[in-house]
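What follows is a short report on a single structure.
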Amino acid sequence: MNMPNVDDVDFDDVYRGRELVDGLSLVPWDIGGPQPLVVEIETAGEVHGAVLDAGCGLAENALFLASKGHDVTGIDGAPTAIERARAKAAERGLRAEFAVAEATRLDGFDDRFDTVLDSALYHCLNEEQRHEYAAALHRATKPGATLHLFCLAERMGPIPGPWAISADNLHETFGKGWRITRLERRHYTTAMTPELLTRLRESLPEAPAGEAAAGGPPTVDEQGRFLMPVWQLKATRIRP
């Protein structure tokens, strides 16, 4: 079984049904509904104004927010994801805008958004892209806008995949133009099961150099879905 590093993944291929790894056809980050952490922030009244869902994927979070009356725009670099997102919105009678766009540029979206949601996009970017992304978000938002970001907090043992992000990295990337008001460890629901994680670990017995395997059994929710350790960041857009 071969699992690619994130910089080798063609996400449009994944959304077209190509196996992310041999024998794995599911999209690990698509749980068939909104991410519970997104439901939590919306319920708490932390989503306002025009909303950008950056890296919206199959749009369950965007469509959840639209169902709550929010003005939502979802962008993704994968055309297949955007096509399927539009189809879902039409099927459900929900109003939302979707566009194929590069998150590190956000061309045409200047000074538009009051809230940004990043649900597991940031950790798919390399270091240079992360800084470009933060700058693009600053251009695309209004002063006082809110950023909600969820990203991988630690390596999944020997399994290649998204880059694990440190708290220092987030402070560095969003230290200019943003004021971080919340940064804490949380759990992010995935479509992965412990059994699948075990298969992946057994197929890749050697951890990447310099990185230790995460200890202990995986944390799961009541449906048996793996809960990925993430950072929950909330930040306010300030002037440079």
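Note that the structure is predicted; figures quoted are calculated from it, not measured.
Using a 4.5 Å heavy-atom cutoff, the side chains of Glu102 and Asp107 are not in contact. Side chains of Trp163 and Asn126 form a contact here, defined as non-hydrogen atoms less than 4.5 Å apart. In this structure the side chain of Leu147 never reaches within 4.5 angstrom of the side chain of Arg237, judged on heavy atoms. Residues Val38 and Leu117 form a side-chain contact, since some pair of their non-hydrogen atoms from C-beta on lies under 4.5 Å apart. The closest side-chain heavy-atom distance from His131 to Glu172 is below 4.5 Å. Proximity of Thr141 to Leu52: side-chain heavy atoms (C-beta onward) are nowhere separated by under 4.5 Å. For the pair Val230/Cys151, no side-chain contact is recorded, criterion being any heavy-atom separation below 4.5 Å from C-beta on.
A distance of 5.0 Å separates NZ of Lys234 from OG1 of Thr181, quoted to the nearest 0.5 Å. Separating the CD atom in Glu91 from the CG atom in Leu63 is a distance of 10.0 Å, to the nearest 0.5 Å. Separation of atoms CG (Asp111) and NE2 (His138) is listed at 10.0 Å; rounding is to 0.5 Å. One finds the CZ atom of Arg225 at 13.5 Å from the CE atom of Met192 (value rounded to the nearest 0.5 Å).
Both Phe174 and Leu183 are assigned to one and the same hydrophobic cluster, defined by single-linkage of ILVMFWY side chains at heavy-atom distances under 4.5 Å. Leu227 and Leu37 are not part of a single hydrophobic cluster, where members link through side-chain heavy atoms under 4.5 Å apart. Linking Ile, Leu, Val, Met, Phe, Trp and Tyr whenever their side-chain heavy atoms come within less than 4.5 Å puts Trp178 and Leu233 in one cluster. Hydrophobic clustering of Ile, Leu, Val, Met, Phe, Trp and Tyr side chains at less than 4.5 Å, counting indirect connections, keeps Phe98 apart from Trp29. At a threshold of 4.5 Å between side-chain heavy atoms, the hydrophobic network of Ile, Leu, Val, Met, Phe, Trp and Tyr places Leu196 and Tyr188 in one connected group.
Scanning both residues, Thr115 and His48, for their nearest heavy atoms gives OG1-O, 2.7 Å. Across Gly74 and Cys56, no two heavy atoms sit closer than the pair C-SG, 3.7 Å. Annotation for Ile82 and Ala99: closest pair CD1-O, 3.4 Å, computed over non-hydrogen atoms. The shortest non-hydrogen separation linking Ala103 to Leu121 is CB-CD2, 3.8 Å. For Ile31 against Pro36, the heavy-atom pair with the smallest separation is CD1-CD, 3.9 Å. Closest approach of Ala78 to Asp12, counting heavy atoms only: C-OD1, 3.4 Å.
A donor-acceptor contact shorter than 3.5 Å links the side chain of Lys88 to the backbone of Leu58. With hydrogens and angles ignored, the 3.5 Å screen pairs no side-chain donor or acceptor of His123 with any backbone N or O of Phe150. Thr190 contributes a side-chain N or O that, together with a main-chain N or O of Phe226, makes up a donor-acceptor pair within less than 3.5 Å. Between the Asp76 side chain and the Gly57 main chain, a donor and an acceptor come within less than 3.5 Å of each other.
Surrounding CZ of Arg95 are at most 12 heavy atoms belonging to other residues, nucleotides or ligands under 6.0 Å away. In Glu127, the CD atom is crowded: over 12 heavy atoms of neighbouring residues, nucleotides or ligands sit closer than 6.0 Å.
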Stepwise salt bridge (Lys or Arg N to Asp or Glu O under 4.0 Å) test for Glu60 and Arg92: CA-CA 11 Å; Glu60 290 295 344; Arg92 300 178 192 181; 2.9 Å; yes
Apply side chain to side chain contact (heavy atoms under 4.5 Å, CB included) to the pair His171 and Ile180, showing each step before the final yes or no. CA-CA 8 Å; His171 279 292; Ile180 296 174; 3.6 Å; yes
Between Thr189 and Asp221, does the side chain to side chain contact (heavy atoms under 4.5 Å, CB included) criterion hold? Intermediate values first, please. CA-CA 8 Å; Thr189 306; Asp221 68 5; 3.7 Å; yes
Dump the intermediate steps for side chain to side chain contact (heavy atoms under 4.5 Å, CB included) on Phe11 and Thr80, then the final yes or no. CA-CA 9 Å; Phe11 287 99; Thr80 299; over 6 Å; no
Side chain to side chain contact (heavy atoms under 4.5 Å, CB included) between Asn169 and Tyr122, worked out: CA-CA 11 Å; Asn169 177 279; Tyr122 183 81; 2.5 Å; yes
Atom pairs and distances, side-chain donor-acceptor, residues 66-73, under 3.5 Å, sequence neighbours left out:
residue, atom, partner, partner atom, Å
Ser67, OG, Phe64, O, 2.5
His70, NE2, Glu42, OE2, 3.0
Thr73, OG1, Arg112, NH2, 3.3

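Here ring-ring contact (aromatic ring centres under 6.0 Å, His included) pairs that include residues 102-121, with residues two or more places apart or in two chains, are Phe109-Phe113.
Of the charged side-chain nitrogens involved, none lies within less than 4.0 Å of a carboxylate oxygen, so that Arg139 and Glu132 do not count as a salt-bridged pair. Under the 4.0 Å criterion applied to side-chain N and carboxylate O atoms, Arg185 and Glu154 are assigned as salt-bridge partners.
Judged by distance alone, the side chains of Thr173 and Tyr133 never bring a donor and an acceptor atom under 3.5 Å apart.
A cation-pi arrangement is not found for Arg186 relative to Trp231, the charged atom failing to lie both closer than 6.0 Å to the ring centre and inside a 45° cone about the ring normal.
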